[in-house]
2 protein chains.
Amino acid sequence: MNLQQFRFVRETIRRNFNLTEAARSLYTSQPGVSKAIIEFEDELGIKIFERHGKRIKGLTKPGQAVAQVIERIMLEVDNLKRVSDEFAREDEGSLTIGCTHTQARYLLPRVIPAFRERFPKVRLQLAEGDPVTLARMVLHEQADMAIATETLARTPGLATLPVYEWEHTIVIRPDHPLAELRSSAARAISLEQVAAYPIVTYDRAFTGRSSIDAVFAKKGIQPDIVLEAIDADVIKTYVDVGLGIGIIAGIAFDPRRDKGLIGLPAGHLFGSHTARVAVKSGVFLRDYVYVLIEMLAPHLTRDMVQEAVENSGVVEA
Amino acid sequence: MNLQQFRFVRETIRRNFNLTEAARSLYTSQPGVSKAIIEFEDELGIKIFERHGKRIKGLTKPGQAVAQVIERIMLEVDNLKRVSDEFAREDEGSLTIGCTHTQARYLLPRVIPAFRERFPKVRLQLAEGDPVTLARMVLHEQADMAIATETLARTPGLATLPVYEWEHTIVIRPDHPLAELRSSAARAISLEQVAAYPIVTYDRAFTGRSSIDAVFAKKGIQPDIVLEAIDADVIKTYVDVGLGIGIIAGIAFDPRRDKGLIGLPAGHLFGSHTARVAVKSGVFLRDYVYVLIEMLAPHLTRDMVQEAVENSGVVEA
DNA sequence: GCCAATTACGCACACCGTAAATATT
DNA sequence: AATATTTACGGTGTGCGTAATTGGC
């Protein structure tokens, strides 16, 4: 029994039970893989793979159980490398952050400079995508962590923790009829008033869009959504050119920078949302990952995160 | 990087950082172990062991992290063997049950015959001991499971589930003064009445003995304990020869078989206790272990137990 | 007939054991 | 001086590659 056999079994499964593929992706000979697996099966005294003659078709029942254990073993073996890297090259390494445009554009800039200063040798990479994609990236270890609002919390295999709460903001031009609500009575704006105008907002896959739809649907109102985009900058641009009113994440509206526009808080209409950070449960996280998460949300202490990772926990907001 | 290296590291730690010992217990040469570990350290790029010159003293900080991961890997590797055995020889294998005398003598006889019938090829072994020893046995995988009342629930690394609740019974001879309480007013017996007579009961390490002591201490009563034993049979014998009154686990008193004695329920004095079954968390359990546990306590379904084992849970009574 | 897995075979090297050297208590 | 670890060195076995064979689709 050896690690190589584990690798072969795992890769064969991942390559849809094609030994040739598995061998190639592990840079070794196909007969070698075949032999190793057969020897492994002999040693365990069971068949791992279902064979039709010579063709491998899938996993046997014992194979399924074995595969699960192997998966866990290899996860830990990978952790071994990470652990030693952590100590061997304390503050070096790479960090891939999966996030939505909103986070990349409005949240991360608040912490990345300080992070760079603290860990100048860590290679950073931002990978943008929609929440579902992000979850998959973390699960497949293509990203070390992901930040987004939807989906993440519900994905098995991920540990997620709340980073911050946010509400939507309605963005309008100063000359828009709704602008008179800007000062005191902003909170009095109603769903009907909003629905009276053309709306520019997020694409369906993103940042709380589904809750917007749900709210309108519940009231039986059909909003006039004239444009969907994946980022607030685009939305604000179209609001600015008079296409309609915008609904964006609160974090994406900055009164100072967005001088030509007015923002009306809309939490009372579309509810409150929680942006979450997700990491793959069970993986060993480099020190700087913990530091970054704590920079993002001081309440997320190393202990909390560690606890969540080890018990594949979803920490509630 | 290979499994052998993991084994060497783990064994060296277990043998108090004595390579020679580790090598011997793994039936290999000491220089081989030394070399393998050094190569492993080189590959990881860290030192696992703290060395004073050539003497190995302990784990370095990275070593501690690595050791944890290795421990988990080896646990899973052992599981691999168990998993395959489960399928290779479906209903064969061995089962070592750690338990106190009380369980071995009064609880297990109720289920073992049925178990034998269902799994005639499983080699059974009862290992008696006090709860602390039992916990350690399960932790060290010298026993597959343990049944006892105390300690088990509080041991980290064990998953424990409640099997049954029980109360103490006071055992007396028919000619004893307390015998008049036998019929209706049994529950009226007081601590003071009990303390008025010499007592024969369990050894300090066992079955709810600590709660007996605690109850007396709380009331400031000094009981006259004339004899301590680890099992109820011995206690009953000495009660029978007139040494005093006995306090034993309720399960150990059977009115039909213990004809010469009278049992008075004493739950109102010494409280209610929960006997628990413990298994090591994280291990793969053979099918027949689940079956036995369910025989012991029908409410402990396979799913419940599995859940507890996987999440190292302590399921409350 | 083409593609994929297994069997056959041979080499190289990694692993482990013995023996010697070195360092620590 | 005794004990424990590391270094040195040599033989054996196994792991892996190439080539050939067998077996599905």
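To find a chain, count down the sequence lines: A is the first, B the second, and so on, and within it residues start at 1.
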| field | Interatomic distance, A/Asn79 atom CG to A/Met74 atom CE [nearest 0.5 angstrom] | value |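 Here the rounded value is 11.0 Å.
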
Taking [atom1] from [X] and [atom2] from [N], how many angstroms apart are they, rounded to a whole number?
{"X": "A/Phe8", "N": "C/dT6", "atom1": "CZ", "atom2": "P", "answer": "13 Å"}
{"X": "A/Phe49", "N": "C/dA5", "atom1": "CZ", "atom2": "P", "answer": "10 Å"}
{"X": "B/Ile37", "N": "C/dC16", "atom1": "CD1", "atom2": "P", "answer": "12 Å"}
{"X": "B/Lys57", "N": "D/dA4", "atom1": "NZ", "atom2": "P", "answer": "12 Å"}
{"X": "B/Arg15", "N": "D/dA4", "atom1": "CZ", "atom2": "P", "answer": "14 Å"}
{"X": "A/Asn18", "N": "D/dC25", "atom1": "CG", "atom2": "C1'", "answer": "14 Å"}
{"X": "B/Leu19", "N": "D/dA4", "atom1": "CG", "atom2": "C1'", "answer": "8 Å"}
{"X": "B/Arg24", "N": "C/dG17", "atom1": "CZ", "atom2": "C1'", "answer": "17 Å"}

| message | So, OP1 or OP2 of D/dT6: does either fall under 4.0 Å of a side-chain N or O from B/Arg51? | response | yes

| request: Measure the angle between the two terminal helix axes of the helix from C/dG1-D/dC25 to C/dT25-D/dA1, five base pairs each, and quote it to 10°. | output: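 Roughly 40°, once rounded to the nearest ten degrees.
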
| Less than 6.0 Å separating the ring centroids of A/Phe40 and A/Phe8? | no

Short N/O separations, protein against nucleotides 7-15 of chain C, under 3.5 angstrom:
| unit_1 | atom_1 | unit_2 | atom_2 | d |
| --- | --- | --- | --- | --- |
| C/dC15 | OP1 | B/Asn2 | ND2 | 3.4 |

| request: Taking only the side-chain heavy atoms of B/Thr28 (C-beta and beyond), determine which of C/dC16, D/dG23, D/dT5 contains the nearest atom. | output: C/dC16

| message | Between A/Glu141 and A/Arg82, is the salt bridge (charged side-chain N to carboxylate O under 4.0 Å, His left out) condition met? List the steps. | response | CA-CA 13 Å; A/Glu141 300 182 35; A/Arg82 274 188 274 262; 3.5 Å; yes

| said: Return whichever of A/His52 or A/Gln5 has its heavy-atom-nearest nucleotide of DNA chain D closer to the 5' end. | reply: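 Result of the comparison: A/Gln5.
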
Side chain to side chain, [X] and [Y], heavy atoms closer than 4.5 Å:
{"X": "B/Tyr290", "Y": "B/Leu300", "answer": "no"}
{"X": "A/Phe87", "Y": "A/Val83", "answer": "yes"}
{"X": "A/Asp91", "Y": "A/Arg118", "answer": "yes"}
{"X": "A/Ile97", "Y": "A/Leu124", "answer": "yes"}

| Got a donor-acceptor pair under 3.5 Å from the side chain of B/Arg55 to the base of D/dT3? | yes

| query | What nucleic acid atoms does A/Phe17 come within less than 4.0 Å of, heavy atoms only: base, sugar-phosphate, or nothing? | reply | sugar-phosphate

| Across the strands shown, which category fits A/Ser29 at heavy-atom distances under 4.0 angstrom: base, sugar-phosphate, nothing? | base

| request: Examine distances only and state if a side-chain atom of B/Asn16 and a backbone atom of B/Asn18 form a donor-acceptor pair shorter than 3.5 Å. | output: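 Checking the backbone N and O of B/Asn18 against the side chain of B/Asn16, no donor-acceptor pair under 3.5 Å is found.
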
| said: As a test of understanding, state which of B/Arg15, B/Arg14, B/Arg7 forms a side chain to side chain donor-acceptor pair (under 3.5 Å) with B/Glu11. | reply: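 Only match with B/Glu11 under side chain to side chain donor-acceptor pair (under 3.5 Å): B/Arg15.
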
